[in-house]
Amino acid sequence: MRELFFYDSMCAVGLPLTGGTAATTPDELHKEMDRYGIDKALVRHINLPNINAELSNEIVAEFVGNDHSGRIRGVWCILPEQCEELPKPDLLFRRMGESGIAALTLAPFSHRWIPCRLTIGRIMDAAAERHIPVLLDNFTGRWQELYAFLKEFPRNITMIQDRSKHGPDRLIRPLLEAYENLHYVISCHWVPEGIRDLAERYGAERLLYGSNYPIFSQGSMMLSLKQSGLPMDEIRKISGKNLENLLNGAQL
Amino acid sequence: MSIWEEHPLARRFWKEGRADFPIYDMHGHMGSLNTIHLARAEADQMVAHMRRIGVKHLVFSHHHALFEPSFRNVRAWEICRNHPDILRMYVAINPHYPDHIREDLALFDSWKPFAVGLKLLPDYHQVPLNDRRYEYALRFAAERKLPVLSHTWGGSSCNGYPQLAEVIHKYPGLIFFIAHALFGDWEGAERLVRESAGNVYLELTALPGERGLLERLTASVGSERLLYGTDLPWFDEYQVVGGVLSADITEQDMRNIFYANVERLLGRDW
Ligand SMILES: [Zn+2]
């Protein structure tokens, strides 16, 4: 048995719109995961910003449905409630549970709407009530919007990441300090010994391993976490336990 | 089994945190920077981090020498003297200060063995690499066969493919390290290596971890042309080493990247 359980929190699958490669079947993803010793993955659709939510959700459900190993769970995208493009929260959450979908995301900037209480207040409150995690992957690099969003929805369990390779401590530390339900995915936290610094300051519970596959290799951050200098039980939390707990805590 | 259990080098770094060979980090900096909170930017902190993973030498250009003209290269040399076994330096060249360039290069030999080459930063100094204001420094390096590490980026008008191609062609004696391997313009980077007389190397800072990239460059130009670098104190040595180990390339390719290419070029004792 491997010494660490890894759960990839930031993983996109499907045929990329602008070319390149990513897993299009669970088997392809398993192969990649096995190469690096990743046990489980939470997957989004790679073209989400460029296609509508209902199509993306359908493709993710199909992908997860084709996985018979129990290693893969999916993420669905939400839209403003007023256009009634998706079912009401109760029904949506039930369908998520039935389809192996464990978290939500949103792509307001490409789906052309404003991420705030007016547009998604009811569904975000319902998600907070039922502890359903919300990935803010589409806010990556949009710090003003991210700050405003978190101020509106402090009760929700949220996950953010950075992709710039420029150490983002000045941007993420105030958020980690202010919002206890916020989790930071370390996929691009390449800061020397920076994982340990964040864990010591805000608690290892706030950090999640995530690869940002297929942009980054799933192996990219694994050694950095293993050799972070943190005690093994904290490394274990970051590598997979935290995400497993978050997803298991969702009432779907 | 995963690479961390199966692959001999990956297993070693995973279990012990270091290997039994040296790592030469050919692209580093030091000191604070305007755009990033760098918690470990001073020499003692950087050296402690590098010792954990077994970096034998870091060749760095000080951030302040690059961005604040009143901070002269001599101060980087003084820092090297406090860590003589591990730190080596590139002399930072700012083309807007020809007097500084001449004064510093006149001291170059007295700064040995710590000074090993020159560092250029065309995008940030806003002077194209093929501008005549670099000529003195480039000639100096070419005559002495010193490595020159230049910042590069795909599509840049100061250090993109055309400026690099011109300079590499003009100074065939130069040992040219293409920092960031012309990030994004991989075809351009491959052409620069192929069209050179064996004196051009792609330095990998910011690449390891990008999926499929080291596989591509290894296949196209050969791992003999690739150099390990981290931009330390920007990037964690373990992330960069982990990125190399994660690539689907051979053990010899990895050894070339970590140390063998540099030892072929500069020897083991420098
Ligand atoms: Zn640099």
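In the text below, chain A, chain B and the rest are named by the order of the sequence lines, each starting its count at 1. Note that this is a predicted model, so its numbers are computed, not measured.
- In this structure, the portion of A:L4 lying under 4.5 Å from any heavy atom of chain B is its side chain and not its backbone.
- In this structure, no portion of B:D231 lies under 4.5 Å from any heavy atom of chain A.
- A salt bridge does not link A:E180 to A:R206: none of the charged side-chain nitrogens sits closer than 4.0 Å to a carboxylate oxygen.
- Under the 30°/60° scheme for interplanar angles, the aromatic rings of B:H151 and B:H180 are found to stand perpendicular.
- Classification of B:R211 and A:E32 as a salt-bridged pair holds, one side-chain N sitting under 4.0 Å from a carboxylate O.
- Among A:L135, A:L136, A:D137, A:N138, the one residue that satisfies the side chain to side chain contact (heavy atoms under 4.5 Å, CB included) test with A:L106 is A:L136.
- Neither the backbone nor the side chain of B:A10 comes within less than 4.5 Å of any heavy atom in chain A.
- Taking the charged nitrogens against the carboxylate oxygens, A:R196 and A:E200 do have a contact shorter than 4.0 Å, which makes a salt bridge.
- Electrostatic pairing of A:R71 and A:D39 does not count as a salt bridge here, judged by no charged N lying under 4.0 Å from a carboxylate O.
- In this structure, A:E152 places its CD atom where more than 12 heavy-atom neighbours from other residues, nucleotides or ligands lie under 6.0 Å away.
- Both the backbone and the side chain of B:E210 come within less than 4.5 Å of a heavy atom of chain A.
- Proximity to chain A is absent for every atom of B:M46, based on heavy atoms less than 4.5 angstrom apart.
- Using non-hydrogen atoms only and a strict 4.5 Å limit, the part of residues 22-39 of chain B facing chain A consists of B:L33, B:N34, B:T35, B:I36, B:H37, B:A39.
- Atom NZ of A:K226 sits in a crowded spot, with more than 12 heavy atoms from other residues, nucleotides or ligands closer than 6.0 Å.
- Using a 4.5 Å cut-off between heavy atoms, A:D34 contacts chain B through its backbone alone, with no side-chain atom that close.
- Remark: B:R75 is not positioned above the aromatic ring of B:W77, lacking an NZ or CZ atom under 6.0 angstrom from the ring centre and at most 45 degrees off the axis.
- Interface summary for chain B: among A:H189, A:Q227, A:M33, the most heavy-atom pairs under 4.5 angstrom belong to A:Q227.
- The candidate with the highest count of non-hydrogen atom pairs below 4.5 Å against chain B, out of A:E193, A:M221, A:K165, is A:E193.
- Heavy-atom pairs under 4.5 Å with chain A peak, among B:G242, B:A206, B:G17, B:G209, at B:G209.
- By the 30° and 60° cut-offs, the orientation of the rings of B:W14 relative to A:F6 is tilted.
- Between B:E251 and B:R255 there is a salt bridge, since a side-chain N of the basic residue sits under 4.0 Å from a carboxylate O of the acidic one.
- A:S228 touches chain B through its backbone: at least one of N, CA, C or O sits under 4.5 Å from a heavy atom, while the side chain does not.
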